[in-house]
Protein chains: 2
Amino acid sequence: MQSDDFIQKAKKSLSSNECMAFFCSCEIKYSGRAEAHLPTGDRIIIIKSDNTILVHQPNGSVPVNYMKEGSSIEIDNKDNHAFIKSYNQKHKDSLQIEIYLIHNFISQRLEDGQKIHLEGSEKDMSDMIYDNPSLISKDFKPLAREEHTKYGFIDVFGYNKKGELVVIECKRYTAGPDAVTQLRRYVEKIKSLRGLKTVHGIIAAPKISPNALKMLDDWGFKFVSVNPPKRLETYKKSQMGLNDF
Amino acid sequence: MQSDDFIQKAKKSLSSNECMAFFCSCEIKYSGRAEAHLPTGDRIIIIKSDNTILVHQPNGSVPVNYMKEGSSIEIDNKDNHAFIKSYNQKHKDSLQIEIYLIHNFISQRLEDGQKIHLEGSEKDMSDMIYDNPSLISKDFKPLAREEHTKYGFIDVFGYNKKGELVVIECKRYTAGPDAVTQLRRYVEKIKSLRGLKTVHGIIAAPKISPNALKMLDDWGFKFVSVNPPKRLETYKKSQMGLNDF
DNA sequence: TACTACATCTCGCAT
DNA sequence: ATGCGAGGTGTAGTA
């Protein structure tokens, strides 16, 4: 495809609020939160109707360059090839794409009012623990979940049989050192806010890393193995289906 | 585009290690680390030669669904429309795309051996501090940077004029509570490993949040304002260029 | 492979 | 707007 042809189509796509995708050989420079340069190669480029720009290499799931929605986009001719310049005032960054060869191009107005519905988040996990406190221990009496205001962002907290406060930090995956320091912060915060000497801390996660477990021991906290909800639900079913053959 | 036509093209694209992109109306289900459902709407779909799948809605910079490289991909006909099934054994997850309408389609073999060159990471920031210790204080004598082995993942550490150890944690952005607990972990680790009573901790970042600053004070650490390197470098130049008009 | 921390992280929610 | 923490986080570096 000729550069002039591409520029005309791309401008039309932008002005009619369409989304476009094209494959091209290009060179890219980014400046803003960092400085980046990507030498010439074949890329997949998407420009959406909200002026989001995504540049993908032929492998991998992460864009090699991008600009977020609300950026300005200019498309010009420079030395007989197309040149895309994008600025984002909010994020103070800019992207420049020098296009040496356009392999193909598609553009279309897209309609999509749907939002993804997701189950199995950490919130769902803390809800599960709140509703099934025996997952932690038979003595645990939950008081509240997802306290985002008074005591910080504590996932679940409650009492043990002695009436002592228990703070639970949930993680959907292997808990690392960060999870333990997070728990430690919350426990200390509650201690100081309520003037208590004894507040228990529990990490609820499927696994915990060795270093994290050592830190947990050092601070007198406990680990309880809990599997997050909704994990693999449909996957397992379809695997069962496959195994029927 | 007819469903049969799409299926044929897509299969050919997969078998010849091409990358493809198309716009379509579709419905998507994901199962694995969570359960997700996305009702029918217009989407942009990319399938790369490494079997990475990306599904984008018309707005926003993040894919609404995806499968990582190395997944299996099957494309079939179901009730007269195309159906894409993808499984990833490693991540134990699966994606199903039911395609009701294909708006367009491009496919191409792409060649790209280039890697992005990026400057301005946290590593670059710790290097800058190591090379310019006066950014921290006129008394700071750096000893090592990026110690990933003996004492943990410490960005920079060194001595003050009294010969006491100083640990520096760099952050490219506003330092929050996490940065302080991270620093605290490193300082305590060094204290215990070396049997020292006095080890200083410093957060080097452009800003620090109020909560983080309070925690820092509580633990006797210090904050030093340091701007990350390479930020806005070319951006500023081009803005200057713009302002010339 | 598991562990650890960075990321042009992005996103949502509360203050 | 900023602060704060989750994410189907992803990715790189290392033991």
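Values below: every heavy atom of this structure, side chains too, minus hydrogens, waters and symmetry copies. Letters A, B, ... are given to chains in the order of the sequence lines, protein chains preceding strands, and every chain is numbered from 1.
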Practice problem: Check salt bridge (Lys or Arg N to Asp or Glu O under 4.0 Å) between A:R184 and all other residues, then give those that pass, not counting sequence neighbours. | Solution: A:E188, B:E188
Quiz item: In whole angstroms, how far is the C1' atom of D:dG7 from the CG atom of A:L118?
Solution: 9 Å
Quiz prompt | Nucleotide nearest A:R172 (side chain, heavy atoms from C-beta), chosen from C:dC6, D:dG3, D:dG8 | solution = D:dG8
Self-check item: B:N88 CG to D:dG8 P, straight-line distance once rounded to whole Å
Solution: 16 Å
Quiz prompt | D:dG8 and D:dC4, which share atom name P, separated by this distance in whole Å | solution = 23 Å
Exercise. Can you tell me, in whole Å, how much space there is between the P of C:dT8 and that of C:dT4?
Key: 23 Å
Quiz prompt | Phosphate contact (C:dA2 OP1 or OP2) by A:T174 side-chain N/O below 4.0 Å | solution = no
Practice problem: Look at the side chain of A:Y66 and decide which nucleotide, out of C:dT10, D:dG7, D:dC4, has an atom nearest to it. | Solution: C:dT10
Quiz item: Just how far is it from atom NZ of B:K48 to atom SG of B:C19, taken to the nearest 0.5 Å?
Solution: 7.0 Å
Quiz item: To the nearest Å, how far apart are A:E122 CD and C:dC11 P?
Solution: 20 Å
Practice problem: Return the value, rounded to whole Å, for the distance between atom CE of B:M67 and atom C1' of D:dG8. | Solution: 10 Å
Exercise. Between C:dA5, D:dG7, D:dG10, spot the one nearest the side chain of A:S121, thanks.
Key: D:dG7
Quiz item: According to a strict under-4.0 Å criterion, is A:R33 in side-chain N/O contact with OP1 or OP2 of C:dT10?
Solution: yes
Quiz item: Reckon B:E169 touches a base, only the sugar-phosphate, or nothing at all at heavy-atom distances under 4.0 Å?
Solution: sugar-phosphate
Exercise. Map B:I116 and A:P210 onto DNA chain C by nearest heavy atom, then report which one ends up closer to the 5' terminus.
Key: A:P210
Exercise. Can you measure from SG (B:C26) to CZ (B:F83) and round to the nearest 0.5 angstrom?
Key: 11.5 Å
Quiz item: When we call it a touch if two heavy atoms are under 4.0 Å apart, what does A:K90 touch: a base, just sugar-phosphate, or nothing?
Solution: nothing
Quiz prompt | Side-chain donor or acceptor of B:D112 paired with backbone N/O of A:G41 under 3.5 Å | solution = no
Quiz item: When you check the phosphate oxygens OP1 and OP2 of C:dA7, does a side-chain N or O of B:K123 lie under 4.0 Å from one of them?
Solution: no
Quiz item: Would you say D:dG5 has OP1 or OP2 under 4.0 Å from some side-chain N or O of A:R185?
Solution: yes
Self-check item: A:Y186 side-chain N/O to D:dC4 phosphate OP1/OP2 under 4.0 Å
Solution: no
Quiz item: For B:D178 and D:dG5, what is the distance between atoms CG and C1' respectively, to the nearest whole Å?
Solution: 8 Å
Quiz item: Are a donor atom and an acceptor atom from the side chains of A:E27 and A:Y100 found within less than 3.5 Å of each other?
Solution: yes
Exercise. Mark yes or no for a side-chain to base donor-acceptor pair under 3.5 Å between B:D93 and D:dG8, with no hydrogen or angle criteria applied.
Key: yes
Quiz item: Got B:N88 and B:S72 here, is their nearest side-chain heavy-atom distance under 4.5 Å?
Solution: no
Practice problem: Whole angstrom is fine here: how far is it from CG in A:N211 over to C1' in D:dT14? | Solution: 13 Å
Return all side-chain donor-acceptor pairs below 3.5 angstrom for residues 63-70 of chain B, not counting sequence neighbours, or 'none' if the list is empty.
none

Self-check item: Along DNA chain D (nearest heavy atom to each residue), the more 5'-positioned of A:C170 and B:I208
Solution: B:I208
Quiz prompt | Candidate nucleotides D:dA6, D:dC4, C:dA5, ranked by approach to the side chain of A:Q182 - the nearest | solution = D:dA6
Exercise. Check the distance between D:dG10's C1' and B:E69's CD and give it to me in whole angstrom.
Key: 11 Å
Quiz item: Does C:dT4 have B:F153 stacked on its base, where the ring centres are within less than 5.5 Å and the planes differ by under 30°?
Solution: no
Quiz item: In whole angstroms, how far is the P atom of C:dA5 from the CE atom of B:M125?
Solution: 18 Å
Quiz item: Has A:N65 got a side-chain N or O lying under 4.0 Å from the OP1 or OP2 atom of C:dT8?
Solution: no
Quiz item: Taking for each residue the nucleotide of DNA chain C bearing the nearest heavy atom, is the 5' side occupied by A:L95 or by A:A175?
Solution: A:A175
Exercise. Mind running a 4.0 Å heavy-atom check of residues 56-63 of chain B against DNA chain C and sending the residues that fall below it, in number order?
Key: B:S61, B:V62
Practice problem: Can you establish whether the number of heavy atoms outside B:K191 located under 6.0 Å from its atom NZ is more than 12? | Solution: yes
Exercise. Measure the shortest side-chain to side-chain distance between A:R185 and B:D178 over non-hydrogen atoms and say whether it is less than 4.5 angstrom.
Key: yes
Self-check item: Which residue lies more 5' along DNA chain D, comparing A:G120 with B:K68 via nearest heavy atoms
Solution: A:G120
